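All values reported here derive from a predicted model rather than from experimental measurement. Order of the sequence lines sets the chain letters (A, B, ...), proteins ahead of strands, with each chain counted from 1.
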Amino acid sequence: MRLKSRLITTGMLSLALLAGACGGASDGPVKPGGESNSGGLAIQGAGATFPYPLYSKWISEYNKKNPSLKIDYQSIGSGGGIKQITERTVDFGATDAPMNDEQLKAAPKEILHIPTVLGAVVVTYNLPEAKNPIQLDGPTVAAIFMGDIKKWNDPKIAAMNEGAALPDKDIAVVHRSDGSGTTAIFVDYMAKVSPEWKDKVGVGTSVNWPTGIGGKGNEGVSGSVKQTPGSIGYVELIYAKQNNLSVASIKNSAGKFVTPSLESVTAAASGVAARIPDDLRVSVTNADGEASYPISGFTYLLVYKDQDDAVKAKALVEFIWWALAEGEKMAADLGYSALPPEVLTKAQAKVRLINVGGKTFVP
Amino acid sequence: MDTPAEQTSAPLTILERLRPSHLGDFLFRAITLAFASLVLVLIVAMLFEMIQNSMLSFQKFGFGFITATVWDPPAREFGALPFVYGTIVTSILALILAVPISIAVAVFVTYQAPMAIRRPVISLLVELLAAIPSVAYGLWGIFVLVPFMRETVNPVLRSTLGFTPLFDGPSFGLGTLTAGVILAIMVTPIITTVSRDVLAAVPSHQRDGALALGATQWEAIRVVFTYALPGIVGAIILGLARAIGETMAVTMVIGNRPDITVSLFSPSYTMASVIANEFTEATEQIYLHALIEIGVLLFAVSFVVRAAAQLLVRYATRGRNIGREG
């Protein structure tokens with residue numbers, strides 16, 4: 001009978017399903033990428049969410065020139081990017097904050113940091129009384145976010161904003177609640193300009209905030225700041241530009257108040273170029289130079305120096321080489337600050353090091 | 001449906017079982033058993049995997065993990081109590097707000113609403129609420145509910161109930177109470193829909209009989225409730241489960257501050273929220289393991305809360321002349 005045979009098939013299928021569910025989970029390392037179904041080559045990357053819009057633009061543009069190469073980038077967060085490149089489940093990782101020594105030690109082979117663009121963090125606020133953009137220096141921002149400065153008319157704020165009508169209003173601090181490279185850059189700056197911050201709060205993608213409320217993502221922070229009179233928060237520069245938020249000028253290490261912009265962020269990268277270490281893992285916050293905006297940072301690609309698969313390594317190197325040469329030109333349109341020439345040269349030198357058995361792929 | 005043959009007649013021999021007429025039943029049972037076990041296997045596998053991946057945190061903090069109140073990733077100090085507290089408080093708030101409304105709507109839809117709007121209008125609208133993704137609730141929360149709480153609800157609460165510590169202190173709009181309200185909106189459709197089905201399943205002659213004896217509408221519904229109570233409590237437990245596990249909408253309006261404070265105006269944090277917030281950027285092993293241990297705790301808290309609710313039902317319905325819980 002038809003019904004019965006169908007029943008039997010269903011039964012067998014369900015048993016097979018069950019067996020698969022019980023015995024399927026193997027934890028061994030998975031080989032990333034490899035040959036895709038169409039016969040072309042596939043490269044996989046994963047990591048930071050901040051550069052995702054730019055990387056996906058790069059990938060789609062590069063794909064037009066090289067239709068047989070499939071590049072896949074998953075924006076799962078910097079932590080995930082570091083984890084996956086360490087476990088070699090992807091061909092390249094991406095992170096906002098450079099890997100620390102401990103993390104590098106955990107990787108099976110030497111990982112190169114290749115900076116691609118810069119991101120910046122702006123201090124945004126909601127103070128209808130202040131007609132002109134307010135100006136703050138680093139220690140004052142740190143004191144506000146530690147809860148030590150509680151009122152907008154505090155003498156420290158007033159001293160930097162002569163003539164501004166600062167109200168006797170409580171400051172409501174809003175910070176990111178989700179772990180984020182934006183937070184990492186912001187607190188890195190705080191720790192540099194405030195010894196107290198360094199002692200009590202420290203640095204990282206999430207910290208134990210001494211005060212304030214946590215908003216999820218840039219939209220959570222800016223949403224709260226926009227609606228709460230007297231509030232102050234921090235968001236990515238791109239986000240602030242797209243949403244026309246009020247942003248504070250920050251006093252840099254040369255003593256100048258600088259408005260955050262693509263140019264002042266690139267200037268900050270130039271400011272650190274002279275003291276950049278060989279592995280390019282460097283913090284750009286509080287950079288030297290009169291035009292430098294002090295709260296910014298590189299975002300990096302993470303690639304193994306010694307590769308196994310010559311075909312794949314060649315394709316990967318060519319893509320990164322193209323991204324640094326041609327891709328950089330697309331950065332400004334999407335709101336990212338391009339690398340200054342002196343850093344770009346150093347980044348290209350890193351790409352030259354990628355090899356298979358000593359054979360490199362770019363001149 | 002027909003009663004299975006095994007239950008009504010004497011046990012069958014193997015040969016009889018394999019007779020064509022019984023083969024179908026046998027297979028049917030095997031299939032349902034297989035799928036039922038699949039659920040169990042999944043839960044055990046998940047728990048096993050989670051415990052295995054939180055070993056570092058288990059070993060380092062032990063049971064102190066549950067009672068510690070500091071969550072400081074840079075210092076690698078992890079304590080879960082503020083998250084447990086936040087989860088339980090927001091869930092209870094949600095139930096306090098949602099249960100009376102849900103049951104009232106269920107009663108109205110089942111017995112009192114004019115036929116014309118009963119199913120098509122009210123039921124459809126309520127079920128539509130259940131279909132809205134939680135991130136949409138969260139955005140609505142940030143842009144509509146939070147300002148409304150800050151400008152309207154919280155000042156009224158403070159001026160009337162401000163003498164209690166529950167409604168004291170500054171209010172930014174984001175906080176425990178707002179999270180409770182948004183959760184209440186999200187669990188209302190679940191509790192309403194299940195309660196309505198439970199009420200509809202009570203034999204109508206119970207209510208008709210009560211009305212015929214001269215009972216008022218209210219008294220007749222109380223009679224119905226005697227029968228429906230276990231089912232309604234089941235509906236509430238389903239709502240509670242949703243409230244405990246809800247992540248995105250809560251994260252967006254709760255303020256995400258791992259503090260234990262009595263005031264419902266102040267920001268707090270839930271277990272699901274901290275996992276969603278910090279998992280992607282947790283690069284240290286111990287940090288990751290601490291977050292996964294929060295997941296294990298979430299499992300445990302859901303289980304304990306459920307068990308407590310079951311006990312409560314058994315206690316509440318003790319000695320009453322009603323059927324076993326369905």
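In this structure, chain B has no heavy atom under 4.5 Å from any part of A:V187. Neither the backbone nor the side chain of B:I254 comes within less than 4.5 Å of any heavy atom in chain A. For A:I76, the part lying under 4.5 angstrom from a heavy atom of chain B is the backbone only. B:A276 touches chain A through its backbone: at least one of N, CA, C or O sits under 4.5 Å from a heavy atom, while the side chain does not. Residue A:N100 touches chain B through its side chain alone, counting heavy-atom pairs closer than 4.5 Å. Contact of A:V203 with chain B is made through the backbone alone, with heavy-atom distances under 4.5 Å. For chain A, the nearby part of B:L174 is the side chain; its heavy atoms alone come within less than 4.5 Å. Only the side chain of B:V70 comes within contact range of chain A, with at least one heavy atom under 4.5 Å from a heavy atom of that chain. Heavy atoms of B:F279 lying under 4.5 Å from chain A are absent altogether.
Atom NZ of A:K192 has more than 12 heavy atoms from other residues, nucleotides or ligands within 6.0 Å. Annotation: A:K198, atom NZ; neighbour count of heavy atoms from other residues, nucleotides and ligands within 6.0 Å does not exceed 12. Summarising the local packing, NZ of A:K105 is surrounded by 12 or fewer heavy atoms from other residues, nucleotides or ligands at distances under 6.0 Å. Counted within 6.0 Å of CZ on B:F58, heavy atoms from surrounding residues, nucleotides or ligands total more than 12; the atom is thus considered enclosed. Around NZ of A:K151, the count of heavy atoms belonging to other residues, nucleotides or ligands within 6.0 Å exceeds 12.
With values rounded to the nearest 0.5 angstrom, A:K216 atom NZ is found 10.5 Å from B:I142 atom CD1. Rounded to the nearest 0.5 Å, atoms OG1 (A:T205) and CD (B:E284) are 9.0 Å apart. A:N208 CG to B:D72 CG: the interatomic distance, rounded to the nearest 0.5 Å, is 4.5 Å.
When each of A:G214, A:G81, A:A97 is scored by its heavy-atom pairs under 4.5 Å with chain B, the top score falls to A:G214. Of the listed residues (A:G215, A:A184, A:S206, A:A106), the one with the most heavy-atom contacts under 4.5 Å to chain B is A:S206. Between chain B and the residues A:G212, A:S231, A:A48, the largest count of heavy-atom pairs under 4.5 Å involves A:G212. Note: B:G255 leads B:G255, B:P147, B:A282, B:P267 in heavy-atom pairs under 4.5 Å with chain A.
A 4.5 Å side-chain heavy-atom check between B:N256 and A:R176 finds every atom pair outside the cut-off. Using a 4.5 Å heavy-atom threshold, the side chains of A:D178 and B:E278 count as separate.
Legend: residues meeting ring-ring contact (aromatic ring centres under 6.0 Å, His included) with A:Y55, ordered by chain and number and at least two apart, are A:W58, A:Y73.
Every pair tested for ring-ring contact (aromatic ring centres under 6.0 Å, His included) that includes a residue from residues 213-233 of chain A fails, sequence neighbours excluded, so the list is empty.
A distance-only check finds no donor-acceptor pair linking the side chain of A:Q227 to the backbone of B:G173 [under 3.5 Å].
Closest heavy-atom contact between A:G223 and B:F143: CA-CE2, 4.3 Å.
Between A:E102 and B:R76 there is a salt bridge, since a side-chain N of the basic residue sits under 4.0 Å from a carboxylate O of the acidic one.
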